[in-house]
Asks: 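Right, I'll just put the structure down here and ask away after.
Basis for what follows: all heavy atoms, side chains included, without hydrogens, waters or symmetry-related copies. Small disclaimer: the values here were computed from a predicted structure and weren't measured. Chain letters run A, B, ... following the sequence lines, proteins first and then strands; every chain starts at 1.
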Amino acid sequence: MKALPRSWFTRSALKLAPKLLGKIVRRGSCAGIIVETEAYGTDPASHAFKITPRSAIMRDTYGHWYIYFTYGMHWCANITTDKNGIGAVLIRAVEPLAGLGTMKHRRKTQNVRNLCSGPAKFCEAFGITGALNGSPNGNGLTIYDAPEIAKSDIGISSRVGIKNGTNFPWRFYIKNNSFVSR
DNA sequence: TACTGGATTCACT
DNA sequence: GTGAATCCAGTAA
């Protein structure tokens, strides 16, 4: 199994978000299949809409982890993209493959479907915190290559703008996968 | 320095 | 379906 090289992340978030589906993410003994992603570019919902010290990593890097804290209690993990622009892909849901015992312990639940079926759940199950913010893919938290998911098996949805009435962002998920969030 | 609200989740009704 | 938990980045002063 080979880690996705930095060059893999040179394209835009919108292009890469569906291609990340089916890839393997691993941290320590925990691993899983990415089943849901969300693309963030310069839309009004994105932290990159206005570049600040926190979000500058989305402009300045690609193939690095952008991990931020929200709602006073949750971490969310993104992989930065777009060599010449601004973007990141949020990992929204993962199907657990290995390290189930550790995940159950961290998540305080025995329900496998509830371990990683949400962006903050995924971070908690994998023990991801801001300590990993800014680190490149492969340094503690790694996405490995895997066969692409067929286009016909990928679902797409966009939320209609809460902020500006625009459509944003783009959510991609593997159809009929019970580990996708809702 | 003070205030506001969020790329969420969970318990409860 | 609704509301609480909880803290930090961003913004305004």
Side-chain angles (χ1 to χ4, degrees), chain A residues 9 12-21 23 25 30 32 34-82 85-96 102-135 137 141 143 154-174 177-182:
Chain A
F9 297 94
S12 71
L14 211 50
K15 285 218 167 63
L16 291 184
K19 294 193 179 300
L20 277 167
L21 296 175
K23 304 291 188 238
V25 61
C30 298
I34 298 173
V35 297
E36 185 178 348
T37 59
E38 202 158 68
Y40 285 92
T42 50
D43 57 76
S46 172
H47 291 176
F49 185 60
K50 256 193 177 172
I51 290 293
T52 64
R54 180 176 69 164
S55 61
I57 184 173
M58 295 170 74
R59 176 197 58 196
D60 297 338
T61 72
Y62 55 99
H64 285 238
W65 290 100
Y66 168 46
I67 295 166
Y68 67 89
F69 192 61
T70 192
Y71 290 102
M73 57 186 79
H74 297 305
W75 293 99
C76 292
N78 304 247
I79 188 82
T80 62
T81 63
D82 205 330
I86 300 168
V89 177
L90 173 70
I91 310 297
R92 285 194 58 89
V94 164
E95 177 178 338
T102 305
M103 293 185 197
K104 285 175 182 172
H105 178 72
R106 286 181 177 141
R107 292 276 300 123
K108 300 180 183 68
T109 178
Q110 293 299 309
N111 183 352
V112 176
R113 279 196 54 190
N114 205 19
L115 290 178
C116 306
S117 54
K121 295 178 185 177
F122 159 63
C123 285
E124 187 171 37
F126 277 63
I128 297 167
T129 69
L132 286 164
N133 186 43
S135 64
N137 185 47
L141 182 59
I143 299 176
I154 297 177
I156 307 176
S157 70
S158 69
R159 299 182 200 161
V160 175
I162 299 160
K163 296 193 177 174
N164 287 14
T166 52
N167 271 15
F168 69 87
W170 290 89
R171 193 168 70 93
F172 298 86
Y173 57 95
I174 299 179
N177 183 290
S178 59
F179 296 90
V180 167
S181 73
R182 22 172 278 109

Asks: Measure NZ/A/Lys50 against P/B/dG6 and give the value in whole Å, please.
Replies: 15 Å

Asks: What integer distance in Å separates A/Ile67:CD1 from C/dC8:P?
Replies: 16 Å

Asks: Residues two or more places apart in sequence or in another chain: which of them pass ring pair (Phe, Tyr, Trp, His ring centres under 6.0 Å) with A/Tyr62?
Replies: none

Asks: Looking at side-chain heavy atoms only, is the closest gap between A/Leu16 and A/Phe9 below 4.5 Å?
Replies: yes

Asks: Would you please name every residue forming a ring pair (Phe, Tyr, Trp, His ring centres under 6.0 Å) with A/Phe69, sequence neighbours left out?
Replies: A/Trp75

Asks: Just so I know, are the side chains of A/Ile79 and A/Asn137 near enough to count as touching, which here means a heavy-atom distance under 4.5 Å?
Replies: yes

Asks: Under the salt bridge (Lys or Arg N to Asp or Glu O under 4.0 Å) rule, collect the residues that match up with A/Glu124, sequence neighbours excluded.
Replies: A/Arg107

Asks: In this structure, which stretches of DNA chain B are paired as stems of three or more consecutive Watson-Crick or G-U pairs, both distances less than 3.5 Å?
Replies: B:1-6 with C:7-12, B:8-12 with C:1-5

Asks: Roughly how many Å is it from CZ in A/Arg106 to C1' in B/dT9, rounded to a whole number?
Replies: 18 Å

Asks: Can you tell me the distance, in whole Å, between the CD atom of A/Glu124 and the P atom of B/dT9?
Replies: 10 Å

Asks: Could you state the atom-to-atom distance from CH2 of A/Trp75 to C1' of C/dA9 in whole Å?
Replies: 12 Å

Asks: Looking at every heavy atom in both A/Ala13 and A/Ala88, which two are closest together, and how far apart are they?
Replies: CB-O, 3.5 Å

Asks: Using only side-chain N and O atoms of A/His47, determine if any of them is under 4.0 Å from OP1 or OP2 of C/dA9.
Replies: no

Asks: Can you check whether A/Tyr68 stacks with the B/dA7 base, using ring centres under 5.5 Å and planes within 30°?
Replies: no

Asks: Hey, can you pull the residues of residues 107-119 of chain A with a non-hydrogen atom under 4.0 angstrom from DNA chain B?
Replies: A/Arg107, A/Gly118, A/Pro119

Asks: From A/Trp65 CH2 over to A/Thr80 OG1, what is the distance, rounded to the nearest 0.5 angstrom?
Replies: 9.5 Å

Asks: Working to the nearest 0.5 angstrom, can you tell me the gap between A/Thr37 OG1 and A/Ile174 CD1?
Replies: 9.0 Å

Asks: Ignoring the backbone of A/Lys121, work out which of B/dC10, C/dC7, B/dT8 is nearest its side chain.
Replies: B/dC10

Asks: Within a radius of less than 6.0 Å around NZ of A/Lys104, do more than 12 heavy atoms belonging to other residues, nucleotides or ligands occur?
Replies: yes

Asks: Between C/dT11, C/dC8, B/dT8, which nucleotide gets closest to the side-chain atoms of A/Thr70?
Replies: B/dT8

Asks: If you check the A/Tyr40 side chain, which of B/dA7, B/dT9, C/dA9 turns out closest?
Replies: B/dA7

Asks: Tabulate protein N/O versus nucleotide N/O from nucleotides 2-6 of chain C, keeping only pairs under 3.5 Å, one per line.
Replies:
{"residue": "C/dT6", "atom": "O3'", "partner": "A/Gly72", "partner atom": "O", "Å": "3.4"}
{"residue": "C/dT6", "atom": "O2", "partner": "A/Tyr71", "partner atom": "O", "Å": "2.7"}

Asks: Atom CG of A/Leu90 to atom P of B/dG6: distance rounded to whole Å?
Replies: 17 Å

Asks: Just the rounded figure in Å: distance from P of B/dA7 to CZ of A/Arg54.
Replies: 8 Å

Asks: What distance separates A/Met103 CE from A/Lys108 NZ, expressed to the nearest 0.5 Å?
Replies: 15.0 Å

Asks: Using the rule side chain to side chain contact (heavy atoms under 4.5 Å, CB included), only one of A/Ser117, A/Pro119, A/Cys76 pairs with A/Arg92; which is it?
Replies: A/Pro119

Asks: With a 4.0 Å limit, can you tell me whether A/Arg92 has a side-chain N or O closer than that to the phosphate oxygens OP1/OP2 of B/dT8?
Replies: yes

Asks: Does the side chain of A/Cys116 reach to within under 4.5 Å of the side chain of A/Phe126, using non-hydrogen atoms?
Replies: yes

Asks: Using atom C1' in both nucleotides, what's the gap between C/dG3 and B/dG5 to the nearest angstrom?
Replies: 16 Å

